[in-house]
Amino acid sequence: MGLLAFLLLGLIAGAIAKAILPGKQGGGLVLTLLLGVVGAFLGGWIGSLAFGGGLGNFFDLRTWLLSILGAIIVLLIFGAVRGRRSRV
């Protein structure tokens, strides 16, 4: 998968993850892109450990599910870290 396709995948996966998670996560388009790309990397890593294969083709369902799962995990971690900092 090319770099542009991976960035697009990360942006869309981050947006879907934000829509799935309840509450307001904050952040704009750039933060969504960054968290989505990090989530796609994380999802690919989880997929390579669990299933023996990471991210595949752009239109592969496994690629999308792993990327969205990774983006959800990254958003949860980001929300927990950001929540702690705002209380201090």
What distance do [X] atom [atom1] and [Y] atom [atom2] have between them, rounded to the nearest 0.5 Å?
{"X": "L34", "Y": "L11", "atom1": "CG", "atom2": "CG", "value": "10.5 Å"}
{"X": "L66", "Y": "S48", "atom1": "CG", "atom2": "OG", "value": "9.0 Å"}
{"X": "L9", "Y": "F59", "atom1": "CG", "atom2": "CZ", "value": "10.5 Å"}
{"X": "K18", "Y": "I72", "atom1": "NZ", "atom2": "CD1", "value": "13.5 Å"}

[X], [Y]: one ILVMFWY side-chain cluster at the under-4.5 Å cut-off?
{"X": "F41", "Y": "L3", "answer": "yes"}
{"X": "I16", "Y": "L61", "answer": "no"}
{"X": "I20", "Y": "L42", "answer": "yes"}
{"X": "I68", "Y": "L49", "answer": "yes"}
{"X": "L35", "Y": "L76", "answer": "yes"}

Any side-chain heavy-atom pair of I46 and I73 under 4.5 Å: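 Touching, per the 4.5 Å side-chain cut-off.
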Heavy-atom pair of closest approach, residues G36 and A71: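 Shortest heavy-atom contact: CA-CB, 4.4 Å.
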Closest non-hydrogen atom pair, L75 against A17: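 Result for this residue pair: CD1-CB, 3.6 Å.
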